[in-house]
Each structure stands twice: as structure tokens, then as C-alpha cells.
Amino acid sequence: MAATVFHFRALDGSGRRLKGVEAAASPEALADALQARGLLLLDAEAPDDASARRPPASHRRARQAEVLELARALAALLPAGVPLARALDVAAGLATGTVALAITTVRERVERGEALASALAESAALFPPLSLGLVRAGERSGDLAGAFRRLAAQLEQEEALRGKLVSAAVYPLVLAVAGGLAVVILLFFVLPRFVELLEGSGAALPRSTAALLALSGGLQSHWPLLLALAAAGVLSLAWARTTEEGARARATLLLRLPGVGTLRRQALAARFARLVGVLLGGGAPLLGALDDTIECLADAAAREEAVRIRTRVREGAALHAAIAEGSLFPPLMAQLVAVGEASGRLQEFLLKTAEILEERTQRAVERLVALAEPAMIVVFGGIVGFVALSVLQAIYGINAGSFR
């Protein structure tokens, strides 16, 4: 077979992401060659089909919903005795666009005798690494229907948790936007109309009014600087979301913020525990489950910690000991994993750990939101009240002076 030049991304032993170009007969051969050098292959693309296999970022949420429908369909059809190719054909009818085309391609490859995991790996940009790991484990154990059932349950759980967090954040976000707009309108449009009236009256202005007018004038005269700061914020956010260095800096910053860091650690630990637990439940070996978990973690800090844990387990350390050696995940996780390993119920205790940490995180977020709502109302109400009182004091002083 002629060698193909692949553009690849891989993880080294310290968790750093590397990019490179290398010739290999297939992605599997490239993975073996990189593993021999101590690297874990994340993805590999030939230059000719790289753009075709990389879907637009705006379609990720819709694509995940369609993958969920695929998992549900196969979990329902396979136990009923429907052949895999026929089940994939039915599932393709539930999807649209690139996902439907990818499922059709997968069905054609399966009909030619290829393993389902290998066929899905050819469209890895469309299917999450978790699905590939579960399907591989399901094929090894002969329980493909169970693999899709676990995948559907995991995707549903992630969607439900995401929906709860989004719902909790909607009202505070609306308050913040509305309050911010009110303050901007007051400082940039309302107050300037009173400047000439108040300053031209010749009356002594109250200190609060003078300070407010000085602030309004300063903001108006330096609006290019404010615009530049806003643009810098947008660019910084884009840098943090699109580059490895930015993702690592964002992850580090979130972990160092008071209060937020604790919540972040709990959420990342829950994500790690659930992914490993689901993959182990699907029949994957521990090292294979850790490899697939690394690919599923989007947070740079969690990914680096998972790489460290996998390296220690590969060296012979117990999973709970590898977890306890780090400082990212809370101690409760190592304690529960130790109990699971001692009792031979590691998968069960990993999922129980995920449930406990997710529940803690959700309760903490709900408490934070419950405190944030009245706090923002008080803050923005206080700002608007201070502005109104300062203006009224000045107007009252002018009117009172006109009667002397």
C-alpha cells in the first residue's frame, strides 16, 4: 500500500499537544509508529480530505443531537435482531447533512466486512471519541447494542446537565446585560444632556454630582480606549478558544479563581470519572478507557492530568494511587476509586463518584446563581439610584438658588 502523508495531532507523555506531518500506510500504522515514540495519536488527516472531514464549529451542537439519535436507534434496533447494516440505514434517515452522509458511508464499509469501529474512525471528526471507544469495546465483548445503549445514556446525561446549567445561567445573564445597558445609556446619553444645564447654572454642584459628571465626561472622551479594551477582550477570548496555549491559560485561570476553581475541579473530576466508568462498563480495558478519555476531555488541565494518570497506571500504579498523586481532582475521588478497586467494582464506584461530584457541582452552581440574582439587582439598582439622586440633588440646588 502506498504511503500517505498525514497531518496529525498527538499527545506526549507530559500531556502537551503536538502537531506534525508524517507518511504512513494508514492512520492505524501512524498510530503504532507514534506510540513507539511515546506519543498518543489524537487525529490524523490527509491534506486532500482534511477540509471535508472538519465540520463547521457552528454545527457541533446539532451534530451531537444527531449522534444521540443514532445511538438511540441502534440501541433499539440491534436487540430486536435487525442486521447492523439495516440498522445503520434506518439511523441515516434520522440524520441530516454531513452526519447522514457519514452514516451512509459507514454502512457501506460495514457491508464490505469492515468493523464498525474502524468505519466510524474514518469519520472521527463527526463522531465523539467516546462513541469510538464504546463501539470498539462493544465489538470486543460482543455487546454492540449495549455499547450504543451506554453511549445514548451518556449523551443524554451530558445534555441534561448542560441544559440545567444553561437554564440556571439565563436569568443572571439577562440581568447583567439589561443592567449594563442601563448604566451605559445613563453615562453616555442621559447625563451629557444635563451637563450644560448644570454647569451653566453657576451653582455649586454637590460632590456626588460633580464626580458623576466627571466620570461621564471621562468615559466619553476616552471611548476609543474603551472600544480597544472590548476588542482586546474579544480577541483574548478567541485566542483562548482556538489555540492550545490559550486553552491552557484559560484552564489555569479558571482553576485559580476563588470559588470557581473548586467548582471547576469537581466538574472535571466528574467528567473524568464518568467517561472512564462508562468505557469500562462497555468492556474496554483500563488503559484503553484512559486513552479514549484523554481524547474526550476538552479542558487542557484535565487532559494533562489524565495523561499523567494513564502514564502512572501503565507503569504499574493503581488507579486510585495515580489519582491521589495529583492535585487537580478532589481527594474524595481517589478514596472512592480505592474502595472500588479493593472490592472489584471499579466501574460502579467511578460512576458513583461522578454522580456525587455532579450533584455537588449542580447544588453549588444553583446556590451561586441564587446569590448572584439579588446581588446584581442591588448593584445595578444602586448605580441607577445613585445617578438619579445625584442629578435630582443638583437640579434641586439650582431651583433653590433661583429663589434666593
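Remember, it's a predicted structure, so these values are computed and weren't measured experimentally.
- The nearest pair of heavy atoms linking A100 to A92 is CB-O, 3.7 Å.
- Smallest separation of non-hydrogen atoms from R107 and A85: CD-O, 3.2 Å.
- Note that CD of Q154 is 8.5 Å distant from CG of L134, once rounded to the nearest 0.5 Å.
- Donor-acceptor pairing under 3.5 Å is lacking for the side chains of E358 and Q362.
- Contact between I103 and L88 at its shortest, heavy atoms only, is CG2-O, 3.4 Å.
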Check step by step if salt bridge (Lys or Arg N to Asp or Glu O under 4.0 Å) holds for E366 and R363. CA-CA 5 Å; E366 289 174 351; R363 286 203 306 265; over 6 Å; no
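- The closest donor-acceptor contact from the side chain of S118 to the backbone of E114 lies at 3.5 Å or more, if one exists at all.
- Checked by atom type and distance alone, the side chain of R303 never pairs as donor or acceptor with a backbone atom of I294 at under 3.5 Å.
- Legend: residues meeting side chain to side chain contact (heavy atoms under 4.5 Å, CB included) with A301, ordered by chain and number and at least two apart, are A251, L255, D299.
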Evaluate side-chain contact (heavy atoms from CB on, under 4.5 Å) for V276 paired with Q347, printing each intermediate quantity in order. CA-CA 8 Å; V276 177; Q347 183 259 347; over 6 Å; no
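- Nearest heavy-atom pair across L280 and A289 is CD2-CB, 4.0 Å.
- Salt bridge status for R312 with E315: present, with a side-chain N to carboxylate O gap under 4.0 Å.
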side-chain contact (heavy atoms from CB on, under 4.5 Å) evaluation trace for R360 with L332: CA-CA 12 Å; R360 285 186 176 183; L332 174 65; 3.7 Å; yes
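- Evaluation of the ring pair (Phe, Tyr, Trp, His ring centres under 6.0 Å) rule for F148 yields no partner, not counting sequence neighbours.
- Distance CG/L336 to CG/L357: 8.0 Å, rounded to 0.5 Å.
- Counting all heavy atoms, side chain and backbone alike, F329 lies closest to R265 at CD2-O, 4.4 Å.
- By the 4.0 Å N-to-carboxylate-O rule, E304 lies too far from R308 to be salt-bridged with it.
- In this structure, E156 CD and L151 CG are separated by 9.5 Å, a value rounded to the nearest 0.5 Å.
- Around atom CZ of R86, no more than 12 heavy atoms belonging to other residues, nucleotides or ligands sit under 6.0 Å away.
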Tell me which donor-acceptor pairs under 3.5 Å the side chains of residues 337-345 have, and how far apart each pair is, sequence neighbours excluded?
{"unit_1": "E341", "atom_1": "OE1", "unit_2": "H320", "atom_2": "N", "d": "3.2"}
{"unit_1": "E341", "atom_1": "OE1", "unit_2": "H320", "atom_2": "ND1", "d": "2.6"}
{"unit_1": "E341", "atom_1": "OE2", "unit_2": "L319", "atom_2": "N", "d": "2.9"}
{"unit_1": "S343", "atom_1": "OG", "unit_2": "V339", "atom_2": "O", "d": "2.9"}
{"unit_1": "S343", "atom_1": "OG", "unit_2": "G340", "atom_2": "O", "d": "3.3"}
{"unit_1": "R345", "atom_1": "NE", "unit_2": "E348", "atom_2": "OE1", "d": "3.1"}
{"unit_1": "R345", "atom_1": "NH2", "unit_2": "E348", "atom_2": "OE1", "d": "3.4"}
{"unit_1": "R345", "atom_1": "NH2", "unit_2": "E348", "atom_2": "OE2", "d": "2.7"}

Set out, in order, the CA-CA distance, both residues' side-chain angles and the distance that settles side-chain contact (heavy atoms from CB on, under 4.5 Å) for L275 and L297, then state yes or no. CA-CA 9 Å; L275 289 173; L297 293 172; 4.0 Å; yes
Worked verdict on F272 versus L290 for side-chain contact (heavy atoms from CB on, under 4.5 Å): CA-CA 9 Å; F272 174 86; L290 290 172; 3.7 Å; yes
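- Summarising the geometry, atom CG belonging to L144 is positioned 5.5 Å from atom CG belonging to L116; distances are rounded to the nearest 0.5 Å.
- Rounding to the nearest 0.5 Å places CG of L350 at 10.5 Å from CZ of R274.
- Of the possible donor and acceptor atoms, one in the side chain of R150 sits under 3.5 Å from a partner among the backbone N and O of G281.
- The shortest distance between side-chain heavy atoms of L287 and R310 falls below 4.5 Å.
- Taken to the nearest 0.5 Å, the OG1 atom of T353 stands 10.0 Å off from the CD atom of Q335.
- What you find for L70 and A91 is that their closest heavy atoms are CD1-CB, 3.3 Å.
- The environment of CZ in R37 is crowded: more than 12 heavy-atom neighbours from other residues, nucleotides or ligands sit within 6.0 Å.
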